[in-house]
There are 2 protein chains.
Amino acid sequence: MSRPNPLSPVGRETLQDRVYAELRRSLMNGMFDAGQMLRIQDLAEILQTSTMPVREALGRLVSEQALEALPNRSVRVPVITLEKLDDLARARCLIEGELVRLALRHLTAPDFSELRALTERCDAAFAEHGKDVAHATSELNHSFHFHIYRAARSAVLIPIVESLWLQSGPYIRVAAQVHDAEIDISATHHHWGLIAALERRDTVAAVRALTDDITRSFNLIRRRLDAPETTNTRTAKYG
Amino acid sequence: MSRPNPLSPVGRETLQDRVYAELRRSLMNGMFDAGQMLRIQDLAEILQTSTMPVREALGRLVSEQALEALPNRSVRVPVITLEKLDDLARARCLIEGELVRLALRHLTAPDFSELRALTERCDAAFAEHGKDVAHATSELNHSFHFHIYRAARSAVLIPIVESLWLQSGPYIRVAAQVHDAEIDISATHHHWGLIAALERRDTVAAVRALTDDITRSFNLIRRRLDAPETTNTRTAKYG
DNA sequence: ATAGGTGATGTTTGATCAAACTTTACAAGC
DNA sequence: GCTTGTAAAGTTTGATCAAACATCACCTAT
């Protein structure tokens, strides 16, 4: 076995894993309304499986605080309150700030290239202004942040941040969708500032840029919560 | 409904919840060895249920990082490494420190009485030096810390800390069991210091006392990991 | 004697079903 | 008209079973 092996390990994901990934993706993309009930059988029918993988995936998402288990034994998408929103924002600033601090000493030149490329693609997506900007930029935004976080090499903090994104992600997405380019222009501003601060190893400035970025996106939701009558009322049950 | 209702809501926990609670308790008390495999059918037999509640409870614990899912599709108690231990300690100091900061402005006189009572009972347990000191003090320690954390009123951070305790708890317990009174004497020292700092609203001193407390307990495990040949070899599969 | 294959054993995953529980709708009584 | 009780529909929970998968022991061939 001296020469490099051309075969990569074949993924052996279980059916439950696929259901979990699909539900998670839909949640992140804001496909479900806040407060919406999720029925096992409905989801199983849509996903074309039996109820078993669905109920285990739902249980997993409840454990991660991504879904809410009511005393009635039904599961729903949590409804966000202003207090919980502030709570989430504070937690994200605290933990993701620490991750940036930890990542700083591990980031090297190729990382910065990658981060710049991601941010450029984000800018391009905004400029293009296609129909599905929010979806594209949201994935790019996720890649950008977690590329930094992975550099921190903290097996403990990463799952926590994933859970926090899962809790706040849906609302941020929906909020970002309805806002126009007015704010989008400044969307990548903090990303560029963060990259610059990281490159000159300026911890304080880097954490500052990150927390500003997080705060900015949460302010989008806060506006939506203050004006709830403009809530997008979806007729279809499952997006 | 003007007068206070004497009836408290009757608990309607599902079978899965009870299995989960029991497994969680056993884990926290160090009943399982690190690296030990957990077989669904074995557990179901011991707990006198079918396999269904057990497998869902296991999935939940895996989601919370309390157990580890191997690629072989078997579940085991994670083996702790020195890196992960430091990672955990850092995460706990970061998040529990923030919780202390948040709790400070909410804590009142009755809280301090309660905290003092818990610490006194802890001291008494150490002085008594009965056979099962570790078990008793571990529960008192948990109550002490989470009484403070609950005062922070952060619905987001509390589940995170519970997960962190679940990840580090088992090893701390086992490490504490084998150490003699030498260290136990100083066990509640930081608790008293923390109470004093909280009462005079000294944020910096309070966080310092807490992080010292956490660091101290993790140093117990570190010693064990440095001298692995003294590992307590358990013959029985399930304690 | 050892490497590799073959079968047996044991475990988890997914499907199906029955029972417990919730909710809804509707009718009877005040 | 409003409440209360009851039946019916719908949903989740728990048990059982079959199939996929992993592991182990043993046996053969080199």
Side-chain angles (χ1 to χ4, degrees), chain A residues 1-2 5 7-24 27 32-33 35-64 66-79 236-238, chain B residues 1 7 9-24 27 32-33 35-79 236-238:
Chain A
M1 280 302 198
S2 58
N5 194 332
L7 264 49
S8 44
V10 52
R12 301 203 321 87
E13 63 184 356
T14 175
L15 192 48
Q16 182 203 137
D17 291 337
R18 240 181 307 217
V19 171
Y20 169 80
E22 185 63 18
L23 289 178
R24 183 194 170 96
L27 258 175
F32 301 119
D33 286 334
Q36 176 179 345
M37 296 290 186
L38 296 184
R39 278 172 284 279
I40 295 179
Q41 296 186 352
D42 290 355
L43 294 173
E45 202 170 324
I46 294 171
L47 297 170
Q48 310 239 44
T49 72
S50 91
T51 61
M52 187 69 59
V54 174
R55 74 201 252 193
E56 299 195 326
L58 284 185
R60 227 163 122 186
L61 289 166
V62 168
S63 262
E64 296 168 6
L67 294 177
E68 188 179 10
L70 299 173
N72 322 339
R73 302 183 167 175
S74 51
V75 170
R76 73 168 182 186
V77 182
V79 284
K237 291 178 70 177
Y238 299 95
Chain B
M1 283 301 194
L7 264 48
V10 53
R12 298 200 327 84
E13 61 183 358
T14 176
L15 193 49
Q16 181 203 137
D17 291 336
R18 238 178 310 213
V19 171
Y20 169 80
E22 185 63 18
L23 288 178
R24 182 193 171 95
L27 258 175
F32 300 120
D33 286 335
Q36 177 180 345
M37 297 288 186
L38 296 185
R39 277 171 286 279
I40 296 180
Q41 296 186 352
D42 289 355
L43 295 173
E45 203 171 323
I46 295 171
L47 297 168
Q48 309 241 39
T49 71
S50 90
T51 61
M52 188 67 59
V54 174
R55 72 200 252 192
E56 299 195 326
L58 284 185
R60 229 164 120 184
L61 288 166
V62 168
S63 261
E64 295 168 6
Q65 315 285 327
L67 294 177
E68 186 180 10
L70 300 173
N72 323 336
R73 298 182 171 176
S74 52
V75 170
R76 71 168 183 188
V77 182
V79 284
K237 290 179 69 176
Y238 301 97

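To find a chain, count down the sequence lines: A is the first, B the second, and so on, and within it residues start at 1. Below, all heavy atoms of this structure are taken into account, side chains as well, without hydrogens, waters or symmetry copies. All values reported here derive from a predicted model rather than from experimental measurement.
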inquiry  = Within residues 56-78 of chain B, which residues have any heavy atom lying less than 4.0 Å from an atom of DNA chain C?
reply    =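 Within residues 56-78 of chain B, the residues near DNA chain C are B/R73.
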inquiry  = If we check side-chain contact (heavy atoms from CB on, under 4.5 Å) with A/L61, which of these qualifies: A/V75, A/L38, A/L67?
reply    =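 Of the listed residues A/V75, A/L38, A/L67, the side-chain contact (heavy atoms from CB on, under 4.5 Å) partner of A/L61 is A/L67.
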task = Please identify each residue that fulfils salt bridge (Lys or Arg N to Asp or Glu O under 4.0 Å) with B/R18, with sequence neighbours left out.
result =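 Per chain and number, B/R18 pairs via salt bridge (Lys or Arg N to Asp or Glu O under 4.0 Å) with B/E13.
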task = Using the test side chain to side chain donor-acceptor pair (under 3.5 Å), find all partners of B/Q41 that sit at least two apart in sequence or belong to another chain.
result =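 Here no residue qualifies.
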ask   = What residues form a side chain to side chain donor-acceptor pair (under 3.5 Å) with A/Q16, not counting sequence neighbours?
value =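 For A/Q16 the side chain to side chain donor-acceptor pair (under 3.5 Å) partners, ignoring immediate neighbours, are A/E56, A/R60.
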Any idea which heavy atoms bring [X] and [Y] closest together, and the distance?
X	Y	value
A/S63	B/E64	OG-OE2, 3.7 Å
B/R76	B/G35	CD-O, 3.9 Å
B/A57	B/V19	CB-CG1, 3.8 Å

inquiry  = Holding to side chain to side chain contact (heavy atoms under 4.5 Å, CB included), I want the full list of residues that pass it with B/E45, two or more places apart in sequence or in another chain.
reply    =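 Once residues adjacent in sequence are excluded, B/E45 has no partner under the side chain to side chain contact (heavy atoms under 4.5 Å, CB included) criterion.
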key: With A/E22 via side chain to side chain contact (heavy atoms under 4.5 Å, CB included) - residues at least two apart   =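 A/E22: side chain to side chain contact (heavy atoms under 4.5 Å, CB included) contacts with A/R25, A/S26, A/L47.
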inquiry  = Nearest 0.5 Å, please: how far is CD1 in A/I46 from CZ in A/R39?
reply    =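 Here the rounded value is 10.0 Å.
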Where do N or O atoms of nucleotides 4-10 of chain D meet protein N or O atoms at under 3.5 Å, pair by pair?
none

key: Upstream residue (5' side of DNA chain C) when A/T51 and B/Q41 are each assigned their closest nucleotide   =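 Its nucleotide being nearer the 5' end, the pick is B/Q41.
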task = Report the distance from atom CD of A/Q16 to atom P of D/dA20, rounded to the nearest whole Å.
result =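 Rounded to the whole Å, the gap is 19 Å.
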message = Could you tell me the boundaries of the chain B footprint on DNA chain C, defined by atoms under 4.0 Å from its heavy atoms?
response =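 Reading along DNA chain C, I get C/dT11 to C/dT22.
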